[in-house]
Number of protein chains: 2
Amino acid sequence: MTNAAITDLVAHGNSSARIAELLRAAILHGEYQPGQRLRQEDVAQRFGASRVPVREAFRTLEADGLVTLVANTGAWVSRLSLTECDEVYQTRERVEPLLLRYALPHIDEAHADRLEELAAQMQRTDGVEEFLRLDREFHLGSYEAAETTVLGDLVRRLWNTTQHYRRAFTLLLDEHATRVVHDEHHMLVGAIRAGDADDAERILAGHIRRTRLGLARHPEVFDLLP
Amino acid sequence: MTNAAITDLVAHGNSSARIAELLRAAILHGEYQPGQRLRQEDVAQRFGASRVPVREAFRTLEADGLVTLVANTGAWVSRLSLTECDEVYQTRERVEPLLLRYALPHIDEAHADRLEELAAQMQRTDGVEEFLRLDREFHLGSYEAAETTVLGDLVRRLWNTTQHYRRAFTLLLDEHATRVVHDEHHMLVGAIRAGDADDAERILAGHIRRTRLGLARHPEVFDLLP
DNA sequence: CTCCTTGATGTTGAATCCAATACAGCAACA
DNA sequence: TGTTGCTGTATTGGATTCAACATCAAGGAG
């Protein structure tokens, strides 16, 4: 979401749900960094509300894993350790292939074309932010057709918690690694087109696993973060 | 948690976290049924607090999947459809074996003995509530040693969302099905003792899958709920 | 010089009060 | 008779106000 879009929304009606949404976007966008303290008063002022709905928004984002609350003390943007990050990736490795399986039968030709186009765009871009956006759109886009309730939310949450670490990690990708990533994206589209759920699951699990192992080999990623 | 324990806690200091905890326990204990409306004023009175911390507790439980909030309208105890329930079980089938794998290397002899004892107790009991309590203690107990943060919470949440359905489903188990469940529990302890992660994963996944398929064969479970 | 106590200050947490919204019941009309 | 519009009431949502707690700095005792 762009900053202009955020500002637009501020003008409209107030609600803790709105604040949660905007604050989530702001955190994912990198406006607040992991470990940074969130003062109720500041956030309230920023969104033109009182502290009560802000506290409710904090509770929502806490459950999303984006904010860490400590009673009588304060709120911080969540900060994952290397092991926690690894844990999230291991979980994603198990869960996302299942979600893709749910989505598979509902992905039509046009949808697959769109995914392929995203993969191609990703290959052409140089910007890190652009890459992150496209990658997110590609993967979450491939799950979009799934008619699930809990599972979809769960996966989105896992993505959100690692957003900052994806950004830092992307900076460390060498040419070879990048090439493999792109190859896997195209293979994934192929399996999706063929409607081969087992194959798609295998490729996706491998894709996530590769990222996880890459992350484990580059613990310095965590030094790039504040 | 017993009702007495709940009442004890009411007397102590107030906080939205405390209310969330007590309300969670009350819902899981069956005091509030799926689909039942939760009025802020009622809950506030019950726990001797004002509506503000209750609203925060609602937000927490919403993220837990126990409460469903509709803006400007109200809060209800979450009610899962058959497909949603199936979805949760499919997710558990993927995720819990991973958590068990995390726990496995930290389970010592004494811990395994305790699990075996729980499995044996479960075999001896006739009461549904007792069975549910022991089953929960057995499985979550087997994960207890895992030094995880997100994954453990995630699994606990999945268990919570299906608590009412587990209760209803247990009532429908015939003698044969019950026997298979007990067998699998003992096989699981065996694999845990042997430290065989692959085998333990396989058994646990099958165990959860069997329950899921049983649930799918007995859609009348959902008629037992209000 | 170090460690503990003690107060000042800022921040969080909760209660009360007020506004806005949804809902039920009733009435008027086609 | 069924539908639509209106009004009163119950309930939720948010702002303000006040209390409780944590943090930090300064000062005093060992």
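Per chain, numbering begins at 1; letters A, B, ... match sequence-line order.
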**Message:** The side chain of A:Pro53 is closest to which nucleotide in this list: D:dA15, D:dC21, C:dT21?
**Reply:** D:dA15

**Fill in**
Rounded to whole Å, the CZ-C1' distance (A:Phe47 to D:dG14) equals 16 Å

**Message:** Please pick, from D:dT11, D:dA15, C:dT12, the nucleotide with the shortest atom-to-atom distance to any side-chain atom of B:Arg39.
**Reply:** D:dT11

**Asked** A:Asn72 CG to C:dA14 C1': how many Å, rounded?
**Response** 11 Å

**Asked** Does a salt bridge link A:Glu129 with A:Arg167, judged by any charged N lying under 4.0 Å from a carboxylate O?
**Response** yes

**Prompt:** Can you tell me how far C1' of D:dG13 sits from CZ of A:Arg55, to the nearest Å?
**Reply:** 14 Å

**Prompt:** Among D:dA15, C:dC23, C:dA14, which is the nearest nucleotide to the side chain of B:Thr73?
**Reply:** C:dC23

**Asked** For A:Arg18 and D:dG13, what is the distance between atoms CZ and P respectively, to the nearest whole Å?
**Response** 15 Å

**Request:** Compare the minimum distances between each of D:dA15, C:dA15, D:dG14 and the side chain of A:Ala49, then state the nucleotide with the smallest one.
**Result:** D:dA15

**Request:** Would you indicate what A:Ala71 reaches in the nucleic acid, counting non-hydrogen atoms under 4.0 angstrom: base, sugar-phosphate, or nothing?
**Result:** sugar-phosphate

**Prompt:** Can we say A:Arg166 and A:Asp135 salt-bridge, meaning some charged N sits less than 4.0 Å from an Asp/Glu carboxylate O?
**Reply:** yes

**Prompt:** Just how far, in rounded Å, is P of C:dT11 from CD of A:Glu41?
**Reply:** 9 Å

**Asked** Can A:Glu31 and A:Arg46 be counted as an ion pair, charged N to O under 4.0 angstrom?
**Response** yes

**Item:** Interatomic distance, A:Gln40 CD vs D:dA22 P [rounded to whole Å]
**Value:** 15 Å

**Asked** Looking only at atom types and distance, does a side-chain atom of B:Tyr165 sit under 3.5 Å from a main-chain N or O of B:Leu80, one as donor and one as acceptor?
**Response** yes

**Item:** Short side-chain N/O contact to C:dT11 OP1/OP2 from A:Arg51, under 4.0 Å
**Value:** no

**Message:** Tell me the interatomic distance from B:Arg59, atom CZ, to C:dA14, atom P, rounded to whole angstroms.
**Reply:** 16 Å

**Message:** Does a side-chain N or O of B:Arg37 approach OP1 or OP2 of D:dT12 to a distance below 4.0 Å, or not?
**Reply:** yes

**Asked** Taking the six-membered ring for Trp, are B:His139 and B:Trp159 parallel (under 30°), tilted (30 to 60°) or perpendicular (over 60°)?
**Response** tilted

**Request:** Classify the nucleic acid contact of A:Leu69 as base, sugar-phosphate or nothing, counting any heavy atom under 4.0 Å across all strands shown.
**Result:** nothing

**Request:** For B:Gln45 and C:dA14, give me the distance from atom CD to atom C1', rounded to whole Å.
**Result:** 17 Å

